[in-house]
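The next block holds one structure in the form of structure tokens; read it before the comments.
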Amino acid sequence: MRSSTQYSPENTIHPFSVSLRKFYSMEHSLSEQEQIRRDSLQELVNLGINPYPPETFAVTVTAKEIKQNFPDDNTLYQDISIAGRIMSRRIMGAASFAEIQDETGRIQIYVKRDEICPDDDKTLYNIVFKRHLDIGDIIGITGYVFITKMGEITIHVTSLKLLCKSLKPLPIVKEKEDTLFDAFTDPEQRFRQRYVDLIVNPHVREVFVKRTQLINSMRNFLNAKRYLEVETPVLQPLYGGAAARPFTTHHNTLDMILYLRIANELYLKRLIVGGYPGVYEFSKDFRNEGMDRYHNPEFTQMELYVAYKDYLWMMDLVEEMVEQIALDLHGKTAIRVGDHLIDFKRPWKRFTMYEVIQHYTGVDISGMNEEGLRKTAKELNVPVDQTMAKGKIIDELFGEKCEPNLIQPTFIMDYPIEMSPLAKKHRTEDGLVERFELICNGNELCNAFSELNDPIDQRERFEAQSELSKRGDTESMVLDEDFLKALEFGMPPTAGMGIGIDRLTMIMTNQSSIQEVLFFPQMRPDKRST
RNA sequence: CUCUCCGUAGCUCAGCUGGCAGAGCAGCUGACUCUUAAUCAGCGGGUCCAAGGUUCGAAUCCUUGCGGGGAGACCA
């Protein structure tokens, strides 16, 4: 709760003068343009105008609605109220055109001196509008819509009110015939000052709207199937559910190390043990590893676990869900991504791991032992080292020789047991597990198994991971005694999967970098003077 | 972590083999009552990322550091 002292009498007389003094104490660090805006702010205050008024401004319509619906006979929108940020101004003496931008886009406004100043006092137009308002200021206007001689739908302003004075100059992006001039494109500035990026780059705003629509679409799909959305711990005493290095933190009261989760798999499976038939979670996960255009230290996954199902069933569900998302976002299943047209129309191609490696390398590795695989990898110029066991080498072969070629959505099934310690042994193929990944545009999007529910087998798999760890693998999984205890109470046969929300968003919005689908991607602190 | 490119006005960018720091837009002053990259006349605006070095002289050459992009390595 705020202190009541700010409502003392001297403050209520000039509610904004206190903060103004603070601004002026910073004068030495201001650019010329910033100083001019602060001077304008002071002039507005001197005229009795509050540059940051508290009361509601009633908006009746958006820019987009007007542009879509304004009729030829000029009968609609004759008494409207709209608010937005001034994005451009063209002043011609006693009349001006400007553009304001609301959350739906831009619309031109026409401000005529004698219209907003019907009496002798022309201060509002000559001083306030022309002299002390700037690009970037937020205003509310009332007026009526008409079409100019040049054919542009425009709001004829009858009254104008300042809603927020902007003190920093925006990048001015101009456009003519679909060509942008002085576009604000420097990635560093765009990501560090995402608010500026969002103001001046409307296509960026659209990407994030699509991201939320994607999540809504996925959630609606899962809720319609009556799965329960749940929340599980981010801070975990043991990290598990994936092969990755964690972030470490410390809890003071418990005086213990805690890890930020790398996956939520083991907790969600405990809930299946507890009796829920289907649970899912959208989860921020954290992995203390490299950063590049596909990896941010924190990222979002959706994991889903459904009892009494297997991985074949889950493959059908993933197809159905992603196809539905494409339809919800684009109204069609075929989407342009970079140079490719990717079609999510069901059914998708399905290959086993051995099939796809044979297809792209010509080598059948299905019967090979570790030495044979290492020899094959060397022959194919795939780098391997002594810490890699059989499963890891196969994974390398696949990642190097196959994955980049898989552009259309493709399921790769039946992985070597060594690289899948949480997946159930294959029902017919020795040495394999019931696992699939969805590959799309050359990248992994989704990972799923028939979940291992044999507690004795699971313990042996964890122990095998410990062996890998001794061999030098820093990402091997740690044994989770409580998870094993849960399995010993009995988990029904379960299908589980995780899907990368950031990567799916990249594909669905045709972005080539994960930073473009995260509002605030991780960056080093900016040590330059600001 | 390695290689490579980049960092100059609020924004986008020039600045050559070292010789007075530039343009367009934005801003300021003025003109203009249907403009739209508005137009016309005039004006101001810089820690050239930082530190050090070479030199009579460094935005420019060298070294180191900081920040970013791209390509690798690792991972999802």
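Protein chains get the first letters and strands the later ones, always in sequence-line order, with residue 1 at the start of each.
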Item checked: Pair partner, B:G10 [Watson-Crick or wobble, under 3.5 Å] -> B:C25
Note to self: What is the distance, to the nearest angstrom, from the CZ atom on A:Arg89 to the P atom on B:U39?
What the structure shows: 15 Å
Item checked: Euclidean distance, atom CG of residue A:Leu167 to atom C1' of B:G27 [Å, nearest integer] -> 15 Å
Check: Among side-chain atoms of A:Glu65 and A:Thr62, is any donor-acceptor pair under 3.5 angstrom?
Finding: yes
Margin query: Judged by each residue's nearest nucleotide on RNA chain B, which is more toward the 5′ side, A:Ile514 or A:Lys174?
Written below: A:Lys174
Note to self: Nearest to the side chain of A:Glu289, heavy atoms from C-beta on, is which of B:G68, B:G27, B:A76?
What the structure shows: B:A76
Note to self: Under 4.0 Å, counting only non-hydrogen atoms across every strand here, what does A:Asn288 touch: a base, just sugar-phosphate, or nothing?
What the structure shows: nothing
Item checked: Distance-only donor-acceptor test (3.5 Å): side chain A:Glu32, base B:G45 -> no
Notebook entry, point to check: What is the base-pairing partner of B:C40, counting Watson-Crick and G-U wobble geometry with both distances under 3.5 Å?
Noted result: B:G30
Next item on the list: Under a 3.5 Å limit for both distances, which nucleotide forms a Watson-Crick or G-U wobble pair with B:U4, could you say?
Entry: B:G69
Note to self: I'd like to know if the side chain of A:Arg113 pairs up with that of A:Asn126 as donor and acceptor (distance under 3.5 Å, no hydrogens or angles considered).
What the structure shows: no
Notebook entry, point to check: Can you tell me how far P of B:G67 sits from CD of A:Gln193, to the nearest Å?
Noted result: 17 Å
Next item on the list: Could you measure between the two P atoms, the one in B:A9 and the one in B:G24, and give it in whole Å?
Entry: 16 Å
Notebook entry, point to check: Which part of the nucleic acid, if any, lies within reach of A:Ala242 when heavy atoms closer than 4.0 Å are counted: base, sugar-phosphate only, or nothing?
Noted result: nothing
Check: According to a strict under-4.0 Å criterion, is A:Gln189 in side-chain N/O contact with OP1 or OP2 of B:G68?
Finding: no
Notebook entry, point to check: Separation of A:Glu516 atom CD from B:G69 atom P, in whole Å?
Noted result: 10 Å
Item checked: Distance-only polar pair, side chains of A:Tyr311 and A:Asp414, donor-acceptor under 3.5 Å -> yes
Check: A:Gln515 near the nucleic acid: base, sugar-phosphate alone, or nothing, with a heavy-atom cut-off under 4.0 Å?
Finding: sugar-phosphate
Next item on the list: From the options B:A26, B:G24, B:G27, select the nucleotide whose nearest atom is closest to the side chain of A:Ile172.
Entry: B:A26
Margin query: Closest approach to the side chain of A:Pro171, judged atom by atom: which nucleotide of B:A76, B:C11, B:G68 is it?
Written below: B:C11
Next item on the list: Just name whichever nucleotide pairs with B:C20, Watson-Crick or G-U, keeping both distances under 3.5 Å, else none.
Entry: none
Notebook entry, point to check: What integer number of Å spans the P atoms of B:A38 and B:C5?
Noted result: 38 Å
Notebook entry, point to check: Is there a donor-acceptor contact under 3.5 Å from the side chain of A:Glu379 to the main chain of A:Ala377?
Noted result: no
Notebook entry, point to check: With sugar-phosphate meaning primed atoms plus P, OP1 and OP2, does A:Phe181 contact a base, only sugar-phosphate, or nothing at under 4.0 Å between heavy atoms?
Noted result: base
Item checked: Distance-only polar pair, side chains of A:Asp197 and A:Gln193, donor-acceptor under 3.5 Å -> no
Check: Can you tell me how far C1' in B:A23 sits from the matching atom in B:C48, rounded to whole Å?
Finding: 16 Å
Check: Can you check the A:Met523 CE to B:C66 P distance for me, whole Å?
Finding: 16 Å
Note to self: If I pick the P atom on B:A26 and the same atom on B:C66, what distance separates them, to the nearest angstrom?
What the structure shows: 39 Å
Item checked: Any N/O donor-acceptor pair, A:Asp292 side-chain to B:C74 base, under 3.5 Å -> yes
Next item on the list: Fit a plane to each ring of A:Phe286 and A:Phe247, take the angle between them on a 0 to 90° scale, and name the class: parallel (under 30°), tilted (30 to 60°) or perpendicular (over 60°).
Entry: perpendicular
Note to self: I'd like the C1' distance from B:G18 over to B:C11, given in whole Å.
What the structure shows: 29 Å
Next item on the list: List for me each residue that meets ring pair (Phe, Tyr, Trp, His ring centres under 6.0 Å) alongside A:Phe411, sequence neighbours excluded, and say none if there are none.
Entry: A:Trp348, A:Phe436
Item checked: Inter-nucleotide P distance (B:G70, B:U33), Å rounded -> 50 Å
Notebook entry, point to check: What does nucleotides 30-36 of chain B look like as a protein-contact string, B for base, S for sugar-phosphate only, - for none, at under 4.0 angstrom between heavy atoms?
Noted result: S-BBBBB
Margin query: Looking at B:U35, which nucleotide sits across from it as a Watson-Crick or G-U wobble partner, both distances under 3.5 angstrom, or is there none?
Written below: none
Notebook entry, point to check: Taking CG from A:Asp186 and C1' from B:G68, how many angstroms apart are they, rounded to a whole number?
Noted result: 7 Å
Next item on the list: Assess the side chains of A:Gln301 and A:Arg261: does a donor N or O sit below 3.5 Å from an acceptor N or O?
Entry: no
Checklist line | Cation over ring face, A:Arg211 and A:Phe519, 6.0 Å, 45° | finding: no
Next item on the list: Rounded to whole angstrom, note down the P distance from B:U55 over to B:G27.
Entry: 47 Å
Notebook entry, point to check: For B:G46, which nucleotide is its Watson-Crick or G-U wobble mate, given both distances must be under 3.5 Å?
Noted result: none
Next item on the list: Could you check which of B:C74, B:U12, B:G68 has an atom nearest any side-chain atom of A:Glu396?
Entry: B:C74
Note to self: Whether the side chain of A:Asp134 and the base of B:G27 hold a donor-acceptor pair under 3.5 Å is what I'd like checked.
What the structure shows: no
Notebook entry, point to check: If you look at every strand shown and take non-hydrogen atoms under 4.0 Å, does A:Arg37 touch a base, only sugar-phosphate, or nothing?
Noted result: nothing
Checklist line | Integer-rounded Å distance: B:G27 P and A:Asp39 CG | finding: 16 Å
Note to self: Need the pair for B:C61. Rule: Watson-Crick or G-U wobble, both distances under 3.5 Å, any strand; none if unpaired.
What the structure shows: B:G53
Next item on the list: Tell me, please, which residues at least two apart from A:Asp134 pass salt bridge (charged side-chain N to carboxylate O under 4.0 Å, His left out).
Entry: A:Lys165
Checklist line | A:Arg524 CZ - B:C66 P separation (whole Å) | finding: 9 Å
Margin query: With rounding to the closest Å, how many angstrom separate the P atoms on B:A41 and B:C25?
Written below: 11 Å
